[in-house]
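Count residues from 1 along the sequence.
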Amino acid sequence: VSNIEVQINLKIVHNQIEMVKKNAFANLPRLENMYVEYNHLETIEPYAFENLPSLVSIYLQHNNIKMLPMNTFVNLPNLKVVYLSDNNIEKFNQNWFAFTPQLKRLIINNNRVTFINMAAFQFLESLKSIAFNNNKIQHLHPLAFSGLTNLLELDLGHNKLLTFETKLTSFRILGRLGLNHNRLTYISMSALKDVQYSLSVFYMQSNPLQCSCVEELYFWARRFNIDLFFKCQNRELYCVFPFFDDAQCVKRSQSEFDC
């Protein structure tokens with residue numbers, strides 16, 4: 001698809017596309033929104049999405065993408081939204097993007113990401129919303145989100161996190177944080193100190209939290225007027241007691257809970 005100079009939205013949906021080649025969308029200066037959803041897309045070549053000055057959003061959900069090459073999205077000065085949900089992506093890398101200064105929303109739900117590296121978004125500082133819901137994330141580098149001073153929403157729900165010790169010092173205006181449906185037994189109040197004045201909603205339900213930690217969270221959220229979701233809808237509060245010293249909310253090994 002190329003050489004169309006009128007304003008367009010491009011929809012290539014419910015087909016059997018398996019590959020997007022370099023410069024597949026050349027000379028589309030007024031292309032604003034691109035939908036390449038519900039295909040069989042596995043391979044995207046470097047510079048597949050390049051030099052599209054009016055492009056605002058790209059939707060690549062419901063494909064078979066396992067990885068993206070360096071410089072997939074290049075020189076897209078107005079790109080604000082990228083949806084990559086419902087694929088098979090195993091690793092996120094910010095080098096997919098080059099010269100995308102307006103990127104605001106990055107959605108990578110329902111994939112297979114297991115780890116987020118140090119400073120994973122440091123060159124994407126314009127981001128306001130990041131979602132990795134329903135992946136397989138087990139570990140976050142303590143500095144994974146450094147530099148994201150404009151972030152408003154972070155969704156890490158439905159993963160496999162055992163700990164959350166990530167530095168939140170960059171999150172000056174974070175309003176919504178989702179850590180629900182993980183495997184967290186403990187969360188440090190000191191880790192949340194940097195967001196307690198900006199946070200308005202905090203999702204923590206469906207974690208096997210220590211009961212002492214639930215109590216600390218509850219009073220902390222109440223003090224700072226934060227809507228805290230810490231139990232499942234229409235169910236009694238679920239929390240766990242360690243074998244020893246159960247009045248303290250501290251980091252513990254799994255052996256302190258196992259029978």
Side-chain angles (χ1 to χ4, degrees), residues 80-81 83 85 104-111 113 116 120-121 124-140 142-241 246-252:
K80 293 180 173 61
V81 177
Y83 275 81
S85 298
K104 305 290 191 236
R105 188 172 178 83
L106 180 61
I107 311 299
I108 311 182
N109 295 333
N110 303 317
N111 277 280
V113 178
I116 298 182
F121 308 91
L124 301 172
E125 63 271 12
S126 60
L127 279 169
K128 292 184 177 294
S129 180
I130 296 173
F132 280 86
N133 193 288
N134 197 27
N135 276 267
K136 300 180 183 296
I137 300 172
Q138 298 179 4
H139 181 66
L140 302 169
L143 299 175
F145 303 106
S146 61
L148 289 173
T149 57
N150 296 302
L151 200 68
L152 295 172
E153 300 176 326
L154 176 61
D155 184 359
L156 298 169
H158 292 268
N159 278 286
K160 297 183 178 182
L161 291 170
L162 294 172
T163 62
F164 185 76
E165 298 175 312
T166 303
K167 303 293 184 183
L168 304 179
T169 51
S170 296
F171 293 172
R172 300 171 185 171
I173 56 174
L174 188 73
R176 301 172 74 92
L177 176 60
L179 296 175
N180 51 294
H181 295 85
N182 275 281
R183 300 176 181 178
L184 299 168
T185 63
Y186 159 81
I187 188 163
S188 169
M189 291 296 100
S190 62
L192 298 173
K193 185 177 180 180
D194 292 308
V195 296
Q196 62 193 19
Y197 292 107
S198 65
L199 207 62
S200 59
V201 182
F202 188 16
Y203 298 98
M204 276 294 293
Q205 68 270 29
S206 292
N207 280 288
L209 284 169
Q210 299 171 55
C211 295
S212 55
C213 296
V214 170
E215 184 176 8
E216 280 195 10
L217 266 177
Y218 174 79
F219 286 108
W220 168 81
R222 187 174 179 180
R223 177 184 176 189
F224 293 101
N225 198 29
I226 297 167
D227 288 335
L228 174 66
F229 294 83
F230 60 92
K231 64 178 182 178
C232 296
Q233 188 175 13
N234 300 322
R235 294 187 183 182
E236 295 297 321
L237 173 63
Y238 169 69
C239 58
V240 296
F241 289 100
D246 58 30
Q248 298 296 315
C249 176
V250 296
K251 185 178 179 180
R252 303 176 189 270

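For Tyr186, there are no ring pair (Phe, Tyr, Trp, His ring centres under 6.0 Å) partners, not counting sequence neighbours. Scanning for side-chain hydrogen bond (donor to acceptor under 3.5 Å, both in side chains) contacts around Gln138 gives an empty result, with sequence neighbours left out. Remark: Phe202 pairs with no residue by the ring pair (Phe, Tyr, Trp, His ring centres under 6.0 Å) rule, at least two apart or across chains. In this structure Asn109 satisfies the side-chain hydrogen bond (donor to acceptor under 3.5 Å, both in side chains) test with no other residue, sequence neighbours excluded.
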Do any side-chain atoms of residues 191-198 form donor-acceptor pairs under 3.5 angstrom with protein atoms, and if so which ones, sequence neighbours left out?
unit_1	atom_1	unit_2	atom_2	d
Gln196	OE1	Trp220	NE1	3.2
Ser198	OG	Leu174	O	2.8
Ser198	OG	Val195	O	3.4

Would you be so kind as to tabulate the donor-acceptor pairs closer than 3.5 Å made by side chains of residues 150-164, with sequence neighbours excluded?
unit_1	atom_1	unit_2	atom_2	d
Asn150	ND2	Glu125	O	3.0
Glu153	OE1	Ser129	OG	3.1
Asp155	OD1	Asn133	ND2	3.2
Asp155	OD1	Gly157	N	3.0
Asp155	OD2	Asn133	ND2	3.2
His158	NE2	His181	ND1	3.4
Asn159	OD1	Asn135	N	3.1
Asn159	OD1	Lys136	N	3.3
Asn159	OD1	Ile137	N	3.0
Asn159	ND2	Phe132	O	3.0
Asn159	ND2	Leu156	O	3.0
Asn159	ND2	Gly157	O	3.1

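Annotation for Gly147 and Ser170: closest pair N-OG, 2.8 Å, computed over non-hydrogen atoms. Considering all non-hydrogen atoms of both residues, Thr185 and Cys213 come closest at O-SG, 4.0 Å.
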Check step by step if side chain to side chain contact (heavy atoms under 4.5 Å, CB included) holds for Val201 and Ile226. CA-CA 6 Å; Val201 182; Ile226 297 167; 5.9 Å; no
Taking it one step at a time, do Leu106 and Ile108 satisfy side chain to side chain contact (heavy atoms under 4.5 Å, CB included)? CA-CA 7 Å; Leu106 180 61; Ile108 311 182; 4.0 Å; yes
Checking side chain to side chain contact (heavy atoms under 4.5 Å, CB included) for the pair Leu177/Tyr203: CA distance, chi angles, key distance, verdict? CA-CA 6 Å; Leu177 176 60; Tyr203 298 98; over 6 Å; no
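Residues Met189 and Glu216 are in side-chain contact: their nearest non-hydrogen atoms beyond the backbone lie under 4.5 Å apart. Residues Asp227 and Phe229 have side chains in contact (heavy-atom distance under 4.5 Å, counting atoms from C-beta outward).
Atom CG in Leu228 sits 12.0 Å away from atom OG in Ser200 (nearest 0.5 Å). Here Glu165 contributes atom CD and Ser190 contributes atom OG; the two are 9.0 Å apart, rounded to the nearest 0.5 Å. Taking CG from Leu140 and NZ from Lys167, the interatomic distance works out to 13.5 Å, rounded to the nearest 0.5 Å. The distance from atom CG of Leu124 to atom CD1 of Ile130, rounded to the nearest 0.5 Å, is 8.0 Å. Here the straight-line distance linking atom CD of Glu215 with atom CZ of Phe230 works out to 11.0 Å at 0.5 Å rounding. Atoms CG and CG, on Leu179 and Leu209 in that order, are 10.0 Å from each other to the nearest 0.5 Å.
Atom NZ of Lys104 has more than 12 neighbouring heavy atoms from other residues, nucleotides or ligands inside a 6.0 Å radius.
Judged by distance alone, with hydrogens and angles left aside, the side-chain atoms of Asn207 form a donor-acceptor pair with the main-chain N or O of Leu184 at under 3.5 Å. For the pair Thr166 (side chain) and Pro142 (backbone), a donor-acceptor distance under 3.5 Å is absent.
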